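See below for the structure under consideration.
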Amino acid sequence: MYEALTTQENQASAVIDIAQLSLTFPTSDGDVHALSDINLLINQGDFVSFIGPSGCGKTTLLRVIADLERATAGSIQVNGLSPAEARLARAYGYVFQAAALYPWRTIARNVALPLEIMGLNSRDIEQRVRHNLELVNLSGFEKKYPWQLSGGMQQRASIARALAVEPDLLLMDEPFGALDEIVRDHLNEQLLQLWAKTNKTVVFVTHSIPEAVYLSSRIVVMSPRPGRIHDIIDSDLPRERDLSIRETPEFLALANRVRDGLRAGHSYDEVA
Amino acid sequence: MNDSTTREPSVPVASAAGGADVPKAYRYRSMERLLLPGTSAVALVSALMGGSLVVGMGLAIIGLLAFWLLTHSRLSAALITGYASTAAAWFLIGELDAGNSPGPGFWLQVVAAWAMAWACVEQLAAINTLSRFYQLLLNILIPLLFGLWLLILWELLTRGLNVPQVLLPSPSLIAERFTESTSILWADFQQTFLKAVLIGYALGCGSGFLVAVLIDRSPFLQRGLLPIGNLVSALPIVGVAPIMVMWFGFDWPSKAAVVVIMTFFPMLVNTVAGLSAAQPMQHDLMKTYAASYWQSLFKLRLPEALPFIFNALKINSTLAMIGAIVAEFFGTPTVGMGFRISTEVGRMNVDMVWAEIAVAALAGSLFYGAIALTERMLTFWHPSNRS
């Protein structure tokens with residue numbers, strides 16, 4: 001309710017503010033620069049994709065935002081807090097590459113897991129589970145176990161689990177990477193509808209150009225060694241879009257820009 | 001056997017599928033060709049060599065009848081051979097009871113009845129077209145029949161060949177001793193199983209589990225304690241048992257202490273391994289929920305450790321039986337399964353020793369079975385248990 005009243009102000013406020021951030025992993029062969037001099041501002045209601053070849057640090061950057069990794073230099077704020085404080089305040093929902101559902105819990109109880117940890121009462125839990133399973137089209141599968149469902153359904157359940165926390169910020173790490181093209185298109189469409197409906201901020205890691213362009217309001221192109229931001233592209237596509245937009249010249253132009261950015265990052269790599 | 005069953009689907013399927021076609025000639029498997037006519041031949045010869053005419057002719061006819069019946073219904077062939085072979089065995093044991101000294105005809109009939117029982121189990125094992133319930137019943141019936149025939153052969157051989165009782169008493173003698181001394185056996189069972197085994201098992205497994213959970217948070221303790229635990233598990237019970245008797249006295253507590261020592265370490269190692277079985281991604285998931293240590297312990301790591309814990313429980317159930325029985329060889333009050341075995345063997349009462357062994361085997365199997373059943377119920381989700 002609060003959110004609805006202040007949407008206008010929130011629209012401009014920074015959810016994630018990253019300045020001169022670096023992350024170095026010490027290894028036996030010397031330091032690995034996973035992230036170097038990252039500057040990024042993500043506003044409320046943005047749909048931001050990180051795209052780049054493997055090893056460019058896109059997942060690492062997402063994990064830094066989620067406080068699953070710690071930056072070694074620079075500053076980062078999530079909702080005006082440090083990542084650790086934001087995590088403890090349960091500021092975000094995180095969707096992993098794999099569904100990571102617990103096989104001993106039914107689908108409904110898997111979605112209820114974060115709510116149990118948050119200490120909600122059973123009536124609220126039941127209501128939120130029902131609502132979020134409806135949202136991802138999994139009503140009727142409450143009593144099934146994860147291993148009785150297809151990969152796409154499992155990933156939808158894991159999205160419902162992240163949404164059940166009711167976070168304003170959704171962090172998604174290649175959530176559809178392991179799924180086939182058709183299922184992936186379908187889930188992309190659903191995710192976009194959800195985003196349009198709820199005005200959540202989404203940070204999405206992918207290595208698919210069409211996926212990034214189709215989903216995002218901003219695309220962050222990254223390149224490896226050291227992991228860094230190569231280009232930030234603002235999308236001028238309308239917020240309401242469906243899959244047919246992928247045939248339009250605007251879409252293709254954006255996709256080309258992203259591809260050029262990725263190529264430039266790669267050629268640098270080959271010279272080095 | 002697998003390929004033969006796929007090559008020749010059993011009769012109900014064949015008749016349902018190919019009802020309109022000309023029925024193909026039944027292709028006998030080599031075992032069927034050997035066992036059933038072989039039984040008939042041996043039975044026929046047995047009747048000529050002084051064996052019972054009724055049993056010899058009966059087995060010969062039923063062998064051929066089953067051989068023919070097989071092409072129509074495998075189940076009826078199995079039932080008729082099972083019934084005939086058991087009846088023949090019953091008659092043969094009766095011959096021994098009557099005090100008739102066994103001749104070549106008798107032994108040939110033993111061979112014939114046994115071959116027919118084999119054919120019966122063969123047929124039962126090849127049936128794969130029944131409904132789930134009957135298939136389950138069959139899965140119980142086959143080992144039962146197998147076990148029964150083991151006992152029948154044991155009985156016929158020990159009594160027919162006059163094997164000295166001290167070497168190997170017959171099953172009927174053991175059963176007789178068993179029913180005569182139920183009160184002694186019950187007292188021994190109480191002393192050894194209900195006290196030493198169960199209490200020692202609960203304490204050993206319980207403390208192993210608790211220590212594993214406690215040292216899980218401390219790498220120092222894990223590194224320090226696990227090697228020492230290894231050492232303890234390598235201690236021979238033969239050496240430890242007398243010391244436990246000195247510490248805890250002659251009665252069951254010293255035996256329970258031996259059981260604790262034997263079961264503690266397998267539980268510790270398995271639980272420690274189980275607690276680290278969860279995938280990094282699942283840990284990350286709990287972290288994103290800002291879950292506390294105890295929440296991730298109870299909601300993630302313990303469920304993930306359950307298969308490991310049950311593994312230890314199953315290993316320990318056998319170890320506990322061995323430990324408690326052997327520990328009683330080193331000083332005990334005049335009751336207990338180990339005590340009974342060691343004294344009765346000294347008095348040449350081998351049938352009593354076998355009766356104790358039967359009790360131990362029965363109790364051990366039920367104990368193990370109960371744990372395995374609980375495991376099935378609690379870890380139904382594990383890939384090895386999914387149906």
Side-chain angles (χ1 to χ4, degrees), chain A residues 59-60 62-63 65-70 78 81 83-107 109-120 144-149 158 161-162 164-167 169-175 178, chain B residues 132 209 212-213 216-217 219 267 270-314 371-387:
Chain A
T59 292
T60 310
L62 195 72
R63 288 173 64 85
I65 297 171
D67 188 40
L68 296 173
E69 307 281 356
R70 291 278 162 89
V78 179
L81 305 168
E85 288 164 342
R87 176 173 67 80
L88 292 175
R90 297 177 176 119
Y92 64 83
Y94 198 106
V95 179
F96 291 87
Q97 283 177 8
L101 300 166
Y102 292 174
W104 53 87
R105 283 176 170 248
T106 59
I107 292 301
R109 298 243 304 129
N110 262 293
V111 176
L113 174 73
L115 309 177
E116 286 172 20
I117 290 170
M118 288 160 70
L120 265 60
K144 292 278 181 198
Y145 285 92
W147 31 274
Q148 296 169 322
L149 265 53
S158 90
R161 184 180 56 186
V165 182
E166 294 184 356
L169 173 61
L170 205 52
L171 305 177
M172 306 180 89
D173 181 10
E174 293 188 45
Chain B
R132 247 192 96 180
F209 175 79
V213 171
D216 169 64
R217 290 184 93 168
M267 184 48 110
N270 272 284
T271 310
V272 165
L275 284 175
S276 56
Q279 300 294 311
M281 195 187 281
Q282 295 189 319
H283 281 290
D284 283 347
L285 189 72
M286 289 313 247
K287 207 177 163 192
T288 67
Y289 298 150
S292 69
Y293 168 81
W294 295 106
Q295 282 173 327
S296 52
L297 183 69
F298 282 109
K299 291 192 190 296
L300 168 62
R301 301 175 64 210
L302 281 182
E304 198 74 69
L306 269 185
F308 291 80
I309 293 169
F310 270 106
N311 218 357
L313 286 175
K314 287 194 287 191
I371 296 165
L373 211 64
T374 319
E375 180 187 27
R376 274 278 189 90
M377 283 181 340
L378 291 181
T379 62
F380 63 93
W381 47 270
H382 196 256
S384 61
N385 294 334
R386 286 177 197 166
S387 49

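Chain A is the first sequence line, chain B the second, and so forth, proteins listed ahead of strands; every chain is numbered from 1. Here the structure is a predicted model, which is why all the values come from computation and not from measurement.
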Is [X] in contact with chain B via its backbone, its side chain, both, or neither, using a 4.5 Å heavy-atom distance?
X: A/A100; value: both
X: A/A98; value: both
X: A/L171; value: neither

Open item on the list: Nearest 0.5 Å, please: how far is CG in B/L300 from CD1 in A/I117?
Closed with: 9.0 Å

Which donor-acceptor pairs lie under 3.5 Å between chain B and chain A?
from   : atom 1 : to     : atom 2 : distance (Å)
B/D284 : OD2    : A/R63  : NH1    : 2.8
B/D284 : OD2    : A/R63  : NH2    : 3.1
B/K287 : O      : A/R87  : NH1    : 3.0
B/K287 : NZ     : A/D67  : O      : 3.2
B/Y289 : O      : A/R90  : NE     : 2.7
B/Y289 : O      : A/R90  : NH2    : 3.2
B/Y289 : OH     : A/R161 : NE     : 3.2
B/A290 : O      : A/R90  : NH2    : 3.4
B/Q295 : NE2    : A/I117 : O      : 3.1
B/K299 : NZ     : A/E116 : OE1    : 2.9

Task: Proximity breakdown for B/L306 and chain A, heavy-atom pairs closer than 4.5 Å - done: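 Nothing of B/L306, per the 4.5 Å heavy-atom cut-off to chain A.
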
